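Right, one structure below, let's go through it.
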There are 2 protein chains.
Amino acid sequence: MTYPMARDLPSLNALKAFEVAARLESVSQAADELHVTHGAVSRQIRQLEDELGVALFDKVGRGIQATAAGRQLRDACRDAFSGLREVCADIRQAQQQAPFLLACPGSLLARWFIPRLDRLNAELPELNLHLSASEGELDPRRAGVSATLLFAAPPWPADMQVYPLRQERIGPVFSPRYAGAARLQEQPAKALLNESLLHTQSRAQAWSDWARLQQLDPAQLKQGQGFEHLYYLLEAALSGLGVAIAPQLLVADDLATGRLLAPWGFVETQHQLGLWVPARQPQAAAQQLADWLTTQMQEPSA
Amino acid sequence: MTYPMARDLPSLNALKAFEVAARLESVSQAADELHVTHGAVSRQIRQLEDELGVALFDKVGRGIQATAAGRQLRDACRDAFSGLREVCADIRQAQQQAPFLLACPGSLLARWFIPRLDRLNAELPELNLHLSASEGELDPRRAGVSATLLFAAPPWPADMQVYPLRQERIGPVFSPRYAGAARLQEQPAKALLNESLLHTQSRAQAWSDWARLQQLDPAQLKQGQGFEHLYYLLEAALSGLGVAIAPQLLVADDLATGRLLAPWGFVETQHQLGLWVPARQPQAAAQQLADWLTTQMQEPSA
DNA sequence: CAAACCTGTGAGAAAAAGTGACATATCCCA
DNA sequence: TGGGATATGTCACTTTTTCTCACAGGTTTG
């Protein structure tokens, strides 16, 4: 067995055990502080003495006392470790206080998140949540973004940790103020083939998907007014401009208050709403948020 | 799995791996410096990032770059480790330069050690050997004594590491100048029963031991002049004062040069010459010395 | 003088770290 | 543009280290 050269550090764990023992002048008390047995500490100190080739403690009575070399090393350890402890505490604290930046589609922010924001901040105050609504395509790898809420279909990319929250469900909705509202409510889904259907550029295939899931022929759908984003589409539906196709999650509140109607219900798509977190970054806060979101979305009003 | 509280240190081994990687800005080069695979370093850094809850490196191109937190921690590690390295080097150097104090009986010092001292210092210069001859009883536990040469019989005490060097062999010796020298040389050992036998207070039973090993009756021995120490006994024998009983090792040189005669040879006793070292202190230097002594004592002239 | 403490040590168990192989991403140059 | 060289990340498995438990001295205390 060979020992490290003079310019190398001895075992740092041994130094840690030694520092505590030297500070408390007791192997047993050091063992308590380190939550190990006294035998473990004794061994570490012995190993350190072997590496340095010098006795660090004398046995005095039934206790121990640092030798000259031991005192020298103890002081050096105290300085080194306290410096590290301080910086590590700083880093941890800064990290804990750093805001958790959650990116999500603007429509989700407005229609689902904002009404629940007070509760979230009250229940997860240490998260220090910041929200970033995006109009265009969401990039979950964008620098500074802690996590992103996305509707997407599996499989997930390998460099992302995705917490699935809820299967997307879509369905046609319209306002009671819509001209054809009273008539449509009484008819089967097929009646929509005669309506001008509001749609978005970003999810142009939404109506087709829905039609297929309803056993209707997508080709027979009449595309009406288009909007750039889902947010405007929903505003248009709320204003009674026509029938929109929308994720259930985003209209749940409006359905509950009667501002929108969805007589044919909703159907599940291939997409899932998920919380996307870059795999390489700490997951603790994201997990916490995902748990909270899951709970919230399981409630009937969601 | 739980991580340490904020006031605790993260894994010091992880910090060590991190410091090297941060300094070299490369996981692979750090692995080389630490003589491990890059996977090991990668794992350590990952562990540290988990413990601190913060990313320490960004992937930049095909390399890595420390984040703000990483730079902060790198500097702290550099300071802490360089302080420890320095103090440890100091301690090791001081220890290496400290003299190795060897205690041994005066007779052994004068009759065996001193003639070989030049060679010892030449072959083991870094040992920085100091010798302490003792007239009285040798205490191998005396403070400041690195090791002690002792003739003694097993078993050895548990708190001593004993390196056995050579079985003790004793036998009668006398000078050619001794009055009865010519006559005695031709006769069997039994003839000594008629001689006045020189002896020491410190090993009063030496002649009796020898007689028993020779199948002679100890009671028939005539004790002559006594000396306090073996050293004087040997001087007396050299001067032709009579027949002495002596360890072979101490008279080997005198026999080789013809200044003493040992016509009946030597017999092994229960004692062994051993190098006694307090078990709790570093053994490297003592092992080196023991090896050298063993080699020297195996040579014919020993 | 026994009881309470403390440290040291061994064998075996538990935990940590390392390895080797593979996957993936980037850079560079033909 | 694509293939080779270079880097990092990850996983199952192995090796090494560390810890524990139990016991063996030795010292202090009531």
Side-chain angles (χ1 to χ4, degrees), chain A residues 1-4 10-18 20-22 24-51 55-66 70 141 155 157-161 278-281 283, chain B residues 1-4 10-18 20-22 24-51 55-67 70 141 155-161 278-281 283:
Chain A
M1 156 148 203
T2 64
Y3 284 118
S11 155
L12 290 169
N13 290 330
L15 281 177
K16 185 159 115 192
F18 160 78
V20 180
L24 302 176
E25 294 204 313
S26 158
V27 173
S28 299
Q29 285 175 249
D32 287 347
E33 178 169 323
L34 295 166
H35 304 112
V36 294
T37 59
H38 74 267
V41 175
S42 178
R43 279 164 142 359
Q44 294 276 25
I45 293 171
R46 178 60 181 278
Q47 181 197 337
L48 188 57
E49 288 181 329
D50 287 351
E51 287 184 26
L56 296 169
F57 291 111
D58 290 325
K59 283 190 77 161
V60 170
R62 61 181 173 184
I64 56 170
Q65 190 170 31
R141 295 172 187 80
D159 63 335
M160 284 283 148
Q161 177 71 45
R280 290 213 51 215
Q281 74 182 38
Q283 302 292 320
Chain B
M1 156 152 201
T2 66
Y3 285 115
S11 154
L12 291 170
N13 289 330
L15 281 177
K16 185 159 115 194
F18 161 77
V20 179
L24 302 177
E25 294 205 312
S26 158
V27 174
S28 299
Q29 286 175 249
D32 286 347
E33 177 169 322
L34 294 166
H35 303 113
V36 295
T37 59
H38 75 267
V41 175
S42 179
R43 281 168 105 63
Q44 293 279 25
I45 292 171
R46 176 62 182 277
Q47 181 196 337
L48 187 57
E49 288 180 331
D50 286 352
E51 287 184 25
L56 297 169
F57 291 111
D58 289 326
K59 282 190 79 162
V60 170
R62 59 182 172 185
I64 56 170
Q65 191 170 31
T67 60
R141 294 171 188 79
W156 319 125
D159 62 336
M160 284 284 149
Q161 177 70 43
R280 289 215 52 213
Q281 76 182 36
Q283 302 291 320

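Proteins come first, then strands; the chains are lettered A, B, ... in the order of their sequence lines, and each starts at number 1. Because the structure is a prediction, the values reported are computed rather than measured. Values reported hereafter were calculated over all heavy atoms of this structure, with side chains retained and with hydrogens, waters and symmetry mates removed.
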- Side-chain (Thr67(B)) to main-chain (Leu56(B)) donor-acceptor, under 3.5 angstrom: yes

Give one of base, sugar-phosphate or nothing for Gly39(B), where a contact means two heavy atoms less than 4.0 Å apart. base

Q) Can you check whether Ser28(A) has a side-chain N or O nearer than 4.0 Å to OP1 or OP2 of dT7(C)? A) yes

To the nearest angstrom, the NE2-C1' distance between His38(A) and dG10(C) comes to 12 Å

Quiz prompt | N or O in side chain of Ser26(B) less than 4.0 angstrom from dT8(D) OP1/OP2 | solution = yes

Between Ser42(B) and Val27(B) the two heavy atoms that sit nearest each other are N-CG1, 4.1 Å

On a heavy-atom basis, the closest approach of Ile45(A) and Ala21(A) is CD1-CB, 3.6 Å

Whole-Å distance, Leu48(B) CG to dA17(C) P, equals 11 Å

Taken to the nearest whole Å, NZ/Lys59(B) to P/dA7(D) is 13 Å

From CG of Leu12(B) across to C1' of dA16(C) the rounded distance in Å is 14 Å

Phosphate OP1/OP2 of dG9(D): any Arg46(B) side-chain N/O under 4.0 Å
no

Is there a side-chain polar atom (N or O) of Ser42(B) under 4.0 Å from OP1 or OP2 of dG9(D)?
yes

Quick note, Ile64(A) side chain, CB onward, closest among dT7(C), dC19(D), dT8(D) is dT7(C)

To the nearest angstrom, the CD-C1' distance between Glu51(A) and dT17(D) comes to 12 Å

Atom CD of Gln65(A) and atom C1' of dT27(D) are separated, to the nearest Å, by 15 Å

Of dG9(D), dG18(C), dG10(C), the nucleotide closest to the side chain of Val27(B) is dG9(D)

Between Gly61(A) and Thr37(A), whichever has its closest DNA chain D nucleotide further toward 5' is Thr37(A)

- Message: Set out, in order, the CA-CA distance, both residues' side-chain angles and the distance that settles side-chain hydrogen bond (donor to acceptor under 3.5 Å, both in side chains) for Gln29(A) and Glu33(A), then state yes or no.
- Response: CA-CA 6 Å; Gln29(A) 285 175 249; Glu33(A) 178 169 323; over 6 Å; no

Does the side chain of Gln29(B) get closer than 4.0 angstrom to OP1 or OP2 of dA7(D) through an N or O atom?
-> no

Phosphate oxygens OP1/OP2 of dA16(C): is one of them under 4.0 Å from a side-chain N or O of Gln47(B)? no

Per nearest nucleotide of DNA chain C, the residue lying toward the 5' end, Arg62(B) or Gln44(B), is Gln44(B)

- Query: Would you say Glu51(B)'s side chain and Ser11(B)'s backbone share a donor-acceptor pair under 3.5 angstrom?
  - Reply: yes

Separation of dG9(D) atom P from Met160(A) atom CE, nearest Å, is 15 Å

The nucleotide from dC11(D), dA17(C), dG10(C) with an atom nearest the side chain of Arg43(B) is dC11(D)

When Val60(A) and Ala14(A) are each assigned the nearest nucleotide of DNA chain D, the 5'-most assignment goes to Ala14(A)

Examine distances only and state if a side-chain atom of Gln65(B) and a backbone atom of Asp58(B) form a donor-acceptor pair shorter than 3.5 Å.
no

Arg141(A) CZ to dA25(C) C1', in whole Å, measures 13 Å

